[in-house]
Amino acid sequence: MNVETLIQAANPVPPDDLPAADSPSARRTLDLIMQAPARRRATVLRTGSPATRLVLAGVAAAGVAAVLVTVLLPASPASHVPAGQAAPVAGPLGPANAASSSFRHLALVADTRPATGPPGPGQFQYARSRALNSVCDLDRPGYCVNYLEYRQIWIGSDGSGRIVQKDVHPVFPTPADRANWIAMGRRSLREVPYDQKFGPGQLHDGPPGLLKLPTDPARLTALISARKVEGGPPGPAEDFWQLADILRETDAPPALRSAIFQVAAHDRGVRRVPHLTSYGGTAAVGVEYVDRLPRGNGNYAGYGRKYQLIFDQQTSALLAERIILTNPATGVPIVASFTDYLISGVVDSPSSTTLTAGTGSPH
Amino acid sequence: VHDITRAENDVRRDPGTDRRSSFESLYTARYPEIAGYVRRRVPAHEADDVTAKVFTVAWRRFDRVPSPPEDRPWLFGVARNCVAEQHRSEQRRLRLHARLSQDAVTGGPALAGAGDADPAEAVRAALDGLRATDREALQLVLWEELSHAEAAIVLGCSVNAFELRYRRARRAMRDAVAESRPPPQAGPARVIRKPLTSRR
């Protein structure tokens, strides 16, 4: 039993118990609703999706090892965090700190990049990424398997498209996982490939109104802090996550990307990733938000957590994202998840992976 | 399992069709899953009212309701807002009640703690401990049976951003339940994994 199965079993209103639309109360409700006047509009405002904005970004990050289990990174600095809180671990903050400098450099780089528009009619924004996908079987004694998940997305200007996903190279993260898998009868490790086509309007690829976001950093900061760009809880960790959501969009115009970097330069709790100068052979700069896992995270409570974004120094493109947990007792870091953004650009069909001229990364 | 394909055929809109009958088709097709969404999130005595609000919004803005299948995540998005509004109202009411009664009142749905005997309650309690957006990501996929693409629309983020949040939530949930796993169960494991799965 995996965690998805557990959650499904905890559904308080299972699919078989959904209320019927032809029940007396449902019909009564319908009658009441239709007694209200309907608002009429002169034109139909929404018949399709907004202009296409694609998600994935990045240049090839060819040097990443297959399934990462541990990496050698310096441990988080020791800091006391009250129990139950995921407080940020303070870095050397202020205008002159290294993360701010990195973001300001990236903002300058982004400003100089040529704008790339969305795909035209019949074209698709294409992106390919590679991520760590950890699948666990929670039946006792239980085991986890790590896969490399390759994902491709094609999104047309009308919101139609295709997603292809394939999990390969299963690796047990620990010898205990392998031993438990054997003890449980060597259940199949094959993950069924996923290939799904979507009709017009079915693929939505960014926060609503992304292209209309202000490029003034102060106004953008206010919108993000007020959760007007995306919903979500308050706090600097969520700020950082939402900044990443926008930077991950490939057709956010250069001015907007530059503004995002300027906003990020003031994000509390963000610091530069030490010792990181390249990623997959590309000159890179990394920034990270650091906190500690609060209670409720099982055996990982109290672990340090680093959410890292790694950018191409020359183009400002997002190369990768990683979450790294650090054992506070041993200092040993574990890569909890990563996504490498391999390639993106415009192609001519939902099966093509050949970018049309001048449309590829950077984003 | 709700037959989405049939439902979509039912509500596919004909421009010449009468507005009322079109809305009725939409209502008939989508009512069960929207009502289910609401019932999972608000007290039973409030659920019918909130569901009615969702469809009242759809009726008032019917010209803006996208055609199938886009109407599905659109309606879930409206339902999400209506549920949030109901929760805010409930919080205001509880605070008022607390002031009036001089008692400390804590809001939120009454979920059992992790130590309760019912494993489902323990899982729901663990879900309740997640960040709101992470919890919603899991619930939209695993309870409402939305595809990741549809759930991304409901949450207003990209498919890829949703995928990252879903993974983060899944991991947090796994860690949270790991210490209170249910006892071993007989039979083969049901590996239900639906990344980005659409039932269409």
Side-chain angles (χ1 to χ4, degrees), chain A residues 1-13 15 18-21 25-26 29-30 33-34 36 38-41 44-46 55-56 135-140 153 163 165 187 194 196 198 201-208 230-233 245 248-249 296-300 336-337 339, chain B residues 1-2 20 23-24 27-28 31-33 35-36 39-40 48 52 55-56 59-64 66 69-70 120 123-124 129 131-133 138 142-143 145 149 152-153 156-161 164 167 170-179 181 184-185 189-193 195-196 198:
Chain A
M1 176 178 286
N2 61 18
V3 72
E4 279 99 334
T5 311
L6 278 178
I7 296 170
Q8 285 171 323
N11 188 343
V13 183
L18 290 176
S25 70
T29 301
L30 174 62
I33 289 170
M34 290 202 297
R39 185 182 299 166
R40 300 235 174 224
R41 302 182 70 89
V44 175
L45 295 181
R46 184 176 172 181
V55 175
L56 300 178
V135 176
C136 294
D137 190 325
L138 296 178
D139 282 345
R140 286 180 188 276
I153 304 181
I163 296 177
Q165 194 167 290
R187 292 170 178 175
Y194 174 84
Q196 178 78 47
F198 295 85
Q202 286 189 260
L203 284 181
H204 174 86
D205 42 21
E230 284 185 64
D245 284 351
R248 210 179 289 121
E249 303 291 344
N297 286 276
N299 294 331
Y300 295 103
S337 73
T339 303
Chain B
V1 175
H2 183 56
R20 296 177 73 87
F23 180 78
E24 191 167 348
Y27 182 87
T28 303
Y31 177 86
E33 53 190 355
R39 286 186 185 192
R40 291 173 187 121
D48 286 348
F55 284 101
T56 300
W59 169 245
R60 288 184 182 279
R61 301 180 182 174
F62 194 47
D63 288 335
R64 299 184 68 172
E70 286 182 73
V123 171
R124 286 196 284 271
R131 297 151 60 94
T133 46
L138 290 172
L142 299 171
W143 287 3
E145 302 190 322
I153 293 174
C157 63
S158 70
V159 178
N160 205 37
L164 289 165
R167 280 209 190 102
R170 186 175 62 182
R171 182 185 178 89
M173 190 63 192
R174 198 172 68 212
D175 293 343
V177 301
E179 292 173 343
R181 283 195 302 203
Q185 298 188 0
R190 290 192 301 140
V191 178
I192 299 176
R193 188 165 165 274
L196 298 162
S198 170

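Because the structure is a prediction, the values reported are computed rather than measured. Just so it is clear: chains get the letters A, B, ... in the order the sequence lines come, proteins before strands, and each one is counted from 1.
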Practice item. Name the option with the most non-hydrogen atom pairs under 4.5 Å to chain A; the candidates are B:Arg131, B:Arg167, B:Glu24. Key: B:Arg167
Under 4.5 Å from a heavy atom of chain B, the part of [X] involved:
| X | result |
| --- | --- |
| A:Ala26 | both |
| A:Val13 | both |
| A:Ser337 | neither |

Return the minimal non-hydrogen interatomic distance between [X] and [Y], and the atom names on each side.
| X | Y | result |
| --- | --- | --- |
| B:Tyr31 | A:Ala20 | CE2-O, 3.5 Å |
| A:Asp245 | B:Ala161 | OD1-CB, 3.4 Å |
| A:Leu18 | B:Pro32 | CD2-O, 3.5 Å |
| A:Val3 | B:Met173 | CG2-CG, 3.7 Å |
| A:Pro19 | B:Ala35 | CG-CB, 3.3 Å |
| B:Arg20 | A:Met34 | NH1-O, 3.3 Å |

Exercise for review: Could you tell me the separation between the CG atom of A:Asn2 and the CZ atom of B:Arg174, rounded to the nearest 0.5 Å?
Suggested key: 9.5 Å
Review point. Got a second to check how far B:Arg124's CZ is from A:Asn11's CG, nearest 0.5 Å?
Key: 8.0 Å
Check your understanding: So, the side chain of B:Trp143 versus the backbone of A:Ile7: is there a donor-acceptor pair under 3.5 Å, distance only?
Key ->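 Confirmed, B:Trp143 side chain pairs with A:Ile7 backbone.
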**Study point:** Contacting moiety of B:Arg40, where chain A heavy atoms sit under 4.5 Å
**Key:**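 Both backbone and side chain.
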Exercise for review: Could you look at B:Phe55 and say if it's the side chain, the backbone, both or neither that has a heavy atom under 4.5 Å from chain A?
Suggested key: both
Exercise for review: Would you indicate whether the side-chain heavy atoms of A:Ile33 and B:Tyr27 approach each other to under 4.5 Å?
Suggested key: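 Yes. Closest side-chain heavy atoms under 4.5 Å.
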